[in-house]
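Within every chain, numbering begins at 1; the chains are lettered A, B, ... in the order of the sequence lines, protein sequences first and strands thereafter.
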Amino acid sequence: MPVTDDAPTIAAPRKRAVRRRLKGWFAAHARDLPWRENRDPYRVWLSEIMLQQTQVETVKPYFARFLAAFPTVHDLAAAPEQQVLRLWEGLGYYRRARGLHAAAKVLVSEHNGQFPRDLAALQNLPGVGRYTAGAIASIAFDLPAPILEANTIRLFTRLTAYRGDPTSTPGQKYLWRVAEALVPPEGASQFNQAVMELGALVCTPKAPKCDACPLAKQCEANLQDAVELLQPTTKKLKFVDVNEAAVVVYKGEQVLVRQCGPGERWSGLWDFPRFAVESEGPLFAQDELTKKVAEQTGVEVRGASHLKTLKHGVTKHRITLDCYTAKRTAGRLKSTADSPTRWIDPAELGELPLSVTGRKIAKLIG
DNA sequence: AAAACGGGGGC
DNA sequence: GCCCCAGTTTT
């Protein structure tokens, strides 16, 4: 069968059946999620940003904490960015937190603290792309805006038995057209939440529960018994091994920390001196460690002693992080506007936003 | 079109 | 160990 990227034509009766059956299924099976308590666009937006590339269960505690700290968009806009990042700590993809804060300021200064009921204006906010704009417009305002994300990419690929690569540009274009064709003029809020919910609970990546699916009779892949033949909706990542070192430099009781600058990993967060190293393990040359601490901070150290090896994986990286403690012997701090560097009491680390491994090191020395 | 983003959960 | 996750932005 030839692959077609043409816009799908979905017959009106099938479209109606899909909408009706989804509505009935969602009424019976919708999870009781914190951000479904009401349709406040602020809550919808906050949850959508947090849910980008992040699973529902992971988001729940962060959502509650954020809402408690910043009940309204005005509270968020008025907060220091450091506090926003501190509350985001551990959620990853910290650009989302910086965008969230920046967007709150835009909403207050340019939209009177209100969310625009307009797709283009929403998408103009930092961190809001086509999906998130559609999600806010539909879920909060019930506007008939299409959405396309992990769950619905998979569901629509199967519903239409799309034979091409769903992750390719033509595939994405095709699937957006499916979303546009299906979203109803009324009730888009429930519809869009329902397709995501069905994708999350029934139309799963592996072993989809077609027997329990309300769209089994409307699903081309199921009807053709071709669910397993379609191409995967996510790309495989090639993992890269990385060796890094972090050094807790002491000057008396105080330790050396620096704020990661713009364009740098963890921009806005604080970190111990950290850098890539050639060789793995605690036995690599002290010279390399000393040299790189000096390069990064201006401070001379000696007597580096191995603290612990942390292994962790993030996105495509498999990281082996060797952590050390060392004492300052000489040198002046090299602190810049982009990357402030200073000595602090370890007790103060609790107030600074750190990466997950940074926080682990802080606990080790606390 | 591809890579970066630098966390976590499930099996 | 591998796969996946309510994507967006930059290169």
Considering only [options], which nucleotide approaches the side chain of [X] most closely?
{"X": "A:Val356", "options": "C:dA6, C:dC4, B:dG7", "value": "B:dG7"}
{"X": "A:Glu149", "options": "C:dG7, B:dG9, B:dG7", "value": "C:dG7"}
{"X": "A:Leu51", "options": "C:dA6, B:dG7, B:dA2", "value": "C:dA6"}
{"X": "A:Lys206", "options": "C:dG7, C:dC3, C:dC5", "value": "C:dC3"}
{"X": "A:Tyr131", "options": "C:dG7, B:dG8, B:dA4", "value": "C:dG7"}
{"X": "A:Thr234", "options": "B:dG7, C:dT9, C:dC4", "value": "C:dC4"}

Would you indicate what [X] reaches in the nucleic acid, counting non-hydrogen atoms under 4.0 angstrom: base, sugar-phosphate, or nothing?
{"X": "A:Trp35", "value": "base"}
{"X": "A:Arg154", "value": "sugar-phosphate"}
{"X": "A:Tyr94", "value": "sugar-phosphate"}
{"X": "A:Pro232", "value": "nothing"}
{"X": "A:Thr132", "value": "sugar-phosphate"}
{"X": "A:Val59", "value": "nothing"}
{"X": "A:Ala135", "value": "nothing"}

Heavy atoms, side chains only, cut-off 4.5 Å: are [X] and [Y] in contact?
{"X": "A:Trp35", "Y": "A:Leu46", "answer": "no"}
{"X": "A:Lys251", "Y": "A:Leu256", "answer": "no"}
{"X": "A:Arg302", "Y": "A:Thr290", "answer": "no"}

In terms of the nearest nucleotide of DNA chain B, which residue is placed more toward the 5' end: A:Glu264 or A:Thr169?
->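 It is A:Thr169 whose nearest nucleotide is closer to the 5' end.
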By nearest nucleotide on DNA chain B, pick out whichever of A:Glu57 and A:Arg318 is the more 5' one.
->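 This one resolves to A:Arg318.
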For [X] and [N], is the shortest distance between a side-chain N/O and OP1 or OP2 below 4.0 Å?
{"X": "A:Gln53", "N": "C:dG7", "result": "yes"}
{"X": "A:Thr315", "N": "B:dA4", "result": "no"}
{"X": "A:Tyr62", "N": "B:dG7", "result": "no"}
{"X": "A:Trp176", "N": "C:dG7", "result": "no"}
{"X": "A:Lys316", "N": "B:dA4", "result": "yes"}
{"X": "A:Thr58", "N": "B:dG7", "result": "no"}

Scan side-chain atoms only and decide if [X] and [Y] contain a donor-acceptor pair under the 3.5 Å cut-off.
{"X": "A:Gln53", "Y": "A:Arg96", "result": "no"}
{"X": "A:Glu48", "Y": "A:Tyr131", "result": "yes"}
{"X": "A:Gln224", "Y": "A:Glu220", "result": "yes"}

Which residue, A:Leu237 or A:Ala133, contacts DNA chain C at a nucleotide closer to its 5' end, judged by nearest heavy atom?
-> A:Leu237
NZ/NE/NH1/NH2 to OD/OE distance under 4.0 Å, A:Arg130 and A:Glu180 =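 Salt bridge flag = yes for A:Glu180 with A:Arg130.
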Please evaluate the base of C:dT8 for a donor-acceptor partner in the side chain of A:Arg95 within a cut-off of under 3.5 Å?
-> yes
Grab the stems for DNA chain B, please: at least three consecutive Watson-Crick or wobble pairs, both distances below 3.5 Å, written as range with range.
-> B:1-5 with C:7-11, B:7-11 with C:1-5
Which atom pair, heavy atoms only, marks the closest approach of A:Thr297 to A:Pro273?
->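 Taking every non-hydrogen atom into account, CG2-CG, 3.8 Å.
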